[in-house]
Amino acid sequence: MIKIRYVLIIFFCFFFITVSAQKYKKPQNLPRYDLKKLHFGFTLGVNSLDFRIKKDDSFLSNDSLYVLQSQKQNGFNLGIVSNLRLDKYFDLRFIPALVFGERHLSYSFNDTLTNTIINQKKKIESTLLDFPIYIKYKSERYNNFRTYVLSGFKYSLDIASQDNIDDQGDEIVKLKKNDIMLEIGFGIDFYLEYFKFSPQIKLSYGLINLLSKDDAVYSNSISHLKTNGWMLSFTFE
């Protein structure tokens, strides 16, 4: 499983190597690119989704359920970039994306008949339509690269949500379709001969409780389920 600290280390190493390589002035690629009022592109990348769990009060009084925890899983995403230039340093960006993700909830139960621990895992797959809006703040361009930070929020629709289905005794953990997240990220714009290439990493913080409560032990032991995640993406504009 990809660890975010390894991603950050690789990202920063890549950044410092690039800065060292562009130590001296060079001819600029795409010199008038940033004067465009509107431009488009596409993005693809990988993600890692997780849950922030708040346990229900019944969890403490449940003698059979010992452990409840979330396990992050990796997925991938692709999207379309629309960028509106606001001024020299600020852009408004809209990047609708299709995100394939997965999360696991792990439970450990005590079987009172045999006095043994039974481990069970609930796999939750999500297919998300993301509609994020960001403000992007750019540094000065140096040779053929510049750094940037961005922040904003996004509405996320889970088209694979099983909120309203009949689980027919399978006791699945149901999630609501709609989510709102805050996001912050940073990246580097590289101006190549024919296009701009931008690796970036974003962190997501969900605001909405996604749990669709029912009477199953897998759900009623939880009070709140909210999204955590990060996304490493590569943008071509």
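In this structure Tyr205 satisfies the ring pair (Phe, Tyr, Trp, His ring centres under 6.0 Å) test with no other residue, sequence neighbours excluded. Asp130 is linked by a salt bridge (Lys or Arg N to Asp or Glu O under 4.0 Å) to Lys154, counting only residues two or more places apart in sequence or in another chain. Legend: residues meeting ring pair (Phe, Tyr, Trp, His ring centres under 6.0 Å) with His39, ordered by chain and number and at least two apart, are Tyr33. Annotation: salt bridge (Lys or Arg N to Asp or Glu O under 4.0 Å) contacts of Lys121 (sequence neighbours excluded): none. In this structure, Arg52 has no salt bridge (Lys or Arg N to Asp or Glu O under 4.0 Å) partners at least two apart in sequence or on a different chain. For Phe90, the ring pair (Phe, Tyr, Trp, His ring centres under 6.0 Å) partners are Tyr137, not counting sequence neighbours. For Phe76, the ring pair (Phe, Tyr, Trp, His ring centres under 6.0 Å) partners two or more places apart in sequence, or in a different chain, are Phe100. By the salt bridge (Lys or Arg N to Asp or Glu O under 4.0 Å) test, Glu125 is found to be paired with Lys123, residues two or more places apart in sequence or in another chain being considered. Applying the side-chain hydrogen bond (donor to acceptor under 3.5 Å, both in side chains) criterion to Asp91, with sequence neighbours excluded, gives Asn83, Lys138. Asn209 pairs by the side chain to side chain contact (heavy atoms under 4.5 Å, CB included) definition with Leu211, His224, Leu225, not counting sequence neighbours. Taking the side chain to side chain contact (heavy atoms under 4.5 Å, CB included) definition, one finds that Glu140 meets it with Lys88, Tyr89, sequence neighbours left out.
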CA sep, side-chain torsions, deciding dist, call: Leu105, Ile53, side-chain contact (heavy atoms from CB on, under 4.5 Å): CA-CA 10 Å; Leu105 289 174; Ile53 302 177; 3.7 Å; yes

Could you go step by step and tell me if Leu210 and Asp179 meet the side-chain contact (heavy atoms from CB on, under 4.5 Å) rule? CA-CA 7 Å; Leu210 296 177; Asp179 198 4; 3.7 Å; yes

Show your working on side-chain contact (heavy atoms from CB on, under 4.5 Å) between Met231 and Ser204 and close with a plain yes or no. CA-CA 8 Å; Met231 184 178 295; Ser204 302; 5.9 Å; no

Would Glu183 and Tyr134 count as a side chain to side chain donor-acceptor pair (under 3.5 Å) if you check the C-alpha gap in whole Å, the side-chain angles of each, and the deciding distance to 0.1 Å? CA-CA 8 Å; Glu183 292 198 314; Tyr134 305 116; 2.3 Å; yes

Does the pair Phe51 and Leu175 meet the rule for a side-chain contact (heavy atoms from CB on, under 4.5 Å), with working shown? CA-CA 11 Å; Phe51 286 124; Leu175 299 186; 3.7 Å; yes

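Heavy-atom minimum distance, Phe94 versus Pro132: CD1-O, 3.1 Å. When all heavy atoms are compared, the tightest approach of Arg103 to Ser126 is NH2-OG, 2.9 Å. Across every non-hydrogen atom of Pro31 and Arg141, the tightest pair is CA-NH1, 4.2 Å. Residue Leu203 comes nearest to Trp230 through the heavy atom pair CD2-CB, 3.6 Å, listed as atom of the first residue, atom of the second, then distance.
Separation of atoms CG (Asp158) and CG (Leu128) is listed at 5.0 Å; rounding is to 0.5 Å. Rounded to the nearest 0.5 angstrom, Ile133 CD1 and Phe153 CZ are separated by 5.0 Å. Between the OG atom in Ser151 and the CG atom in Leu182 there is a gap of 9.0 Å [rounded to 0.5 Å]. Lys177 contributes atom NZ, which lies 8.5 Å from atom CD1 of Ile159 (distance to the nearest 0.5 angstrom). Here Leu150 contributes atom CG and Leu92 contributes atom CG; the two are 11.5 Å apart, rounded to the nearest 0.5 Å. Note that CG of Asn77 is 9.0 Å distant from CG of Leu49, once rounded to the nearest 0.5 Å.
Taking hydrophobic clusters as Ile, Leu, Val, Met, Phe, Trp and Tyr residues chained together by side-chain heavy-atom distances below 4.5 Å, Ile135 does not share a cluster with Tyr148. There is a path of hydrophobic side-chain contacts, each under 4.5 Å, that joins Leu129 to Leu44. Under the 4.5 Å side-chain heavy-atom criterion for Ile, Leu, Val, Met, Phe, Trp and Tyr, Ile188 and Leu30 are members of distinct hydrophobic clusters. Under a hydrophobic clustering in which Ile, Leu, Val, Met, Phe, Trp and Tyr are joined whenever their side-chain heavy atoms come within less than 4.5 Å, directly or via other members, Ile184 and Val99 fall into different clusters.
With Asn144 contributing its side chain and Asn29 its backbone, the two residues share a donor-acceptor pair below 3.5 Å. With Ser70 contributing its side chain and Asp50 its backbone, the two residues share no donor-acceptor pair below 3.5 Å.
At least one side-chain heavy atom of Pro199 sits under 4.5 Å from a side-chain heavy atom of Phe190.
Ring planes of Phe236 and Phe197: tilted class, angle from 30 to 60°.
Remark: Leu98 CG is packed, more than 12 non-hydrogen atoms of other residues, nucleotides or ligands lying under 6.0 Å away.
Residue pairs that meet the salt bridge (charged side-chain N to carboxylate O under 4.0 Å, His left out) test with at least one member in residues 30-39, sequence neighbours left out, are Asp34-Arg146.
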